[in-house]
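Step one of this worksheet: look at the structure below.
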Amino acid sequence: MESNSPKDTLVRSQETESLVKRLAGPSSGKAGLAKDQTEINRIISDASKGSKFYENEKKKDKEVTVRIEKILKYKEEAFKNLDVAKVEASMDHLIEQLEEQRDLTQLIVHVDMDAFFANVELLDNPSLAGKTFAVVGKGVLTTASYEARKFGVRSGMAAFIAKKLCPHLILVENRHWRYSEISDQIMGIFHRYDPDMCPAGCDEGYLNITAYCEEHAMTAEECVREIRETVFRETKLTVSAGIAPNKNKPNGQYQLDFDAKAIKAFTHDLPIRKVPGIGRVSERLLEAIGIKASTCGDIYTQRAVISIMDKQFGLVYLLRTYLGISSNTVQAHTREERKSIGAERTFSTLHKLDDILAKLDEVAAELEKDMQEDGWVGRTITLKYKLDTYRVFTRAKSVDHWVSKKEELYAVRQMIHSSHLTNINILLDWQRPAPP
DNA sequence: TACATACAC
DNA sequence: TATGGTGTATGTA
C-alpha cells in the first residue's frame, strides 16, 4: 500500500539511508568519511541493486530497524517511572570507581603497517608507484593503495564494485606466502622491544615498551621512532604507531598526553564507530538511543539509558571507553588459548547433493591437513553453510571422543538440510592439543 | 550445548 | 557475471 504522508516518506528515506550506508561496507565508516561519500555510496548501491546480495543486506538492515523499534519501546516504558537523576547519580558513582582504576604508568604502543598488502606489492613491483591499485583475493579487495582510496575503494569491497568507482583500478592478486614472510620479519623486530608483544593479525600488534624505555633511558616517542625506523630500514615498509589509543597514518606516530583530562578530551569528540568492537550495527543502535553526534562524549550524557539497557550495550565497556581506560596489559596469546580451527570455501551455487558432498570432502580434507600440521584435536564439530540467498545456517554436534580424521569431519553431511549452497565451513572447537 | 549475531583483520 | 576466509565473543534458549 502506497502512502505519501510526510512521516512515511521520512521513515522510508531513513531506511534507505541506513541500507546505503550498510552496503558501503564495514570499513567505509571506520576509515573516516571521504568528502563525496554520499556519491560513492550511491554508486555502490546502484551497482548492487537487484542482486541477491543486495536483497540480503536489505533484509538484515530491516532486522536492525526492528531491533531499534523494540529498544525505543522498551526505553519509553522503562523511563515512565524512572528517577533519571537518581540513576545518573549512581552512574556518576560508578564512573568515579572506574576512574580510580586508571593507570597511567604503562607505555602502550599500537603499531600498524600502512596499507600492508598493497605496500608489499609496491615493494616487489615499483611500477605500481603512484597508481590506483588494489590487492584482490577471491573477488574481494584486501587492501587498496592510498591513490585508490581517494575514489572510495576500500578493503572488503567486491572487485567489480571497486571497478565502478574507479574504472582504471589495477587489480593485483593476493600473494599470501609473501605477506607471511614479511610479517615474520616485522614481528621479529617488534619482539626486540617487547618479548610479550601481542600480534593482532599479520600486520599489527600491541607492545608494552615501559621496560625497554627504562632500560635504554628513552622516552616513548624516541623508542617508537626507533621502532619505525628499524622496520623501514629492514623491510622498506612504513609503519604507523599510536602511543595510547590513537593512530596517525600513514608513516606517522602520535602520542596522547598521559593525563586523564587530555584523554577524556580526546574520547569526547571521537566518533564511536572508531572504537574497537563498535561496528555498523552497534553504531545504529547507539545512534537510536541518543548518541546523536556518534561521539564517545554522548556516552556520558546518555548514561541513564545505557545503564537500564546494560545487556544490549555493555554499560561498563562504554563507560570505560568514555573515560579512555582500557586494559593496559600486553600479553601474547599462548598456543593453549586457541579455541577453534576451521576451513571455509565459497563457490558458485551447487544444486546437486553429489556436487555439494564433493565440496564438503574438499573442505574436510583441508581441515584435517591443518589440524595435523598444528597438532590439534577437538570435540565439537560445527557445519556452517550459506545458501545462494546469502542466508547462513549453523549446525553443531559434540561427540564423546577426540576428532582428528577427515572421515569424522565429513560426517557433518548429515546436517545439511538444503540445496542451493554457495559456501561451506567446517569448524572444530577443541579442548586440548593432539597427543604426541 | 546449539544457534545466531556482531566484530576484527 | 559478480560480494572472502579465519577466528573470537556474547546473548539466548
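Chain naming here is simple, since letters A, B, ... match the order of the sequence lines and numbering starts at 1 in each.
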When you check the phosphate oxygens OP1 and OP2 of C/dT3, does a side-chain N or O of A/Y54 lie under 4.0 Å from one of them?
-> no
Give a yes-or-no answer on whether the side chains of A/E88 and A/Y300 include a donor-acceptor pair shorter than 3.5 Å.
-> no
Rounded to whole angstrom, note down the C1' distance from B/dC7 over to C/dG4.
-> 16 Å
Separation of A/R284 atom CZ from B/dC7 atom C1', in whole Å?
-> 17 Å
To the nearest angstrom, how far is A/N56 atom CG from B/dA4 atom P?
-> 14 Å
Regarding A/R284 and A/T65, is there a side-chain donor-to-acceptor distance under 3.5 Å anywhere?
-> yes
Nearest whole angstrom, please: distance from the C1' of C/dT1 to the NZ of A/K163.
-> 15 Å
Would A/D269 and A/T295 count as having a side-chain donor-acceptor pair, cut-off 3.5 Å?
-> no
Within the structure shown, what part of the strands sits under 4.0 Å from A/P26 by heavy-atom distance: base, sugar-phosphate, or nothing?
-> nothing
Check the interface with nucleotides 10-13 of chain C: list each N/O to N/O pair with the protein under 3.5 Å, or write none.
none

With heavy atoms under 4.0 Å as the rule, sort A/S282 into base, sugar-phosphate or nothing.
-> sugar-phosphate
For A/R391, report the nucleic acid contact type (base, sugar-phosphate, nothing); a contact means any heavy atom under 4.0 Å.
-> nothing
Nearest heavy-atom pair of A/S404 and A/E368: which atoms, and what distance?
-> O-CG, 3.8 Å
Is the A/F53 ring parallel, tilted or perpendicular to the A/Y390 ring (thresholds 30°, 60°)?
-> perpendicular
Once you round it to whole Å, what is the distance between C1' of C/dA2 and CE of A/M157?
-> 14 Å
If only side-chain N and O atoms of A/R395 are considered, is one of them under 4.0 Å from the OP1 or OP2 phosphate oxygen of B/dT1?
-> no
Of A/E17, A/E57, A/E63, A/E283, the one forming a salt bridge (charged side-chain N to carboxylate O under 4.0 Å, His left out) with A/R22 is A/E57
On DNA chain B, more 5' by nearest nucleotide between A/R67 and A/C202 is A/R67
Length of the line joining A/L23:CG and C/dA2:P, which is rounded to integer Å | 16 Å
Quick one: the dot-bracket string of DNA chain C, using Watson-Crick and G-U wobble pairs with both distances under 3.5 Å, [ ] for crossing pairs and | for bases paired to another strand.
-> ....|||||||||
Find the distance A/D388:CG to C/dT1:P and express it as a whole number of Å.
-> 17 Å
Quick one: sort the A/F117 and A/Y179 rings into parallel, tilted or perpendicular, breaks at 30° and 60°.
-> parallel
To the nearest Å, how far apart are A/K386 NZ and B/dA4 P?
-> 14 Å
Taking only the side-chain heavy atoms of A/T380 (C-beta and beyond), determine which of B/dA6, B/dT5, B/dA2 contains the nearest atom.
-> B/dA2
Gap between atoms NZ and C1', on A/K164 and C/dT1 respectively (whole Å) = 11 Å
Would you say A/I278 and A/L318 make side-chain contact, with heavy atoms under 4.5 Å?
-> yes
Look at all strands and tell whether A/I278 reaches a base, only sugar-phosphate, or nothing, counting heavy atoms closer than 4.0 Å.
-> sugar-phosphate
Where is the tightest heavy-atom contact between A/C223 and A/I209, given as atom of each residue plus distance?
-> SG-CD1, 3.9 Å
Any idea how A/F151 and A/H168 line up, ring-wise: parallel (<30°), tilted (30 to 60°), or perpendicular (>60°)?
-> perpendicular
Can a side chain N or O of A/T142 be found less than 4.0 Å away from OP1 or OP2 on C/dG4?
-> no
Between the protein and nucleotides 5-9 of chain C, which nitrogen or oxygen pairs come in under 3.5 angstrom?
from  : atom 1 : to     : atom 2 : distance (Å)
C/dG5 : OP1    : A/T346 : N      : 3.4
C/dG5 : OP2    : A/T346 : N      : 3.2
C/dG5 : OP2    : A/T346 : OG1    : 2.3
C/dT6 : OP2    : A/E344 : N      : 2.6
C/dT6 : OP2    : A/E344 : O      : 3.4
C/dG7 : OP1    : A/R338 : NH2    : 2.2
C/dG7 : OP2    : A/G342 : N      : 2.7
C/dG7 : OP2    : A/G342 : O      : 3.3
C/dT8 : OP1    : A/K339 : N      : 3.1
C/dT8 : OP2    : A/S340 : N      : 3.2
C/dT8 : OP2    : A/S340 : OG     : 2.7
C/dA9 : OP2    : A/K339 : NZ     : 3.2

Which of the following nucleotides, C/dG4, B/dA6, B/dC3, is nearest to the side chain of A/V64?
-> B/dA6
Side-chain contact, heavy-atom cut-off 4.5 Å: A/V239 with A/I186?
-> no
Please determine, by modelled atom types, if A/T346 and A/N423 share a side-chain donor-acceptor pair under 3.5 angstrom.
-> yes
Taking C-beta and beyond as the side chain, do A/R395 and A/H417 meet within less than 4.5 Å on heavy atoms?
-> yes
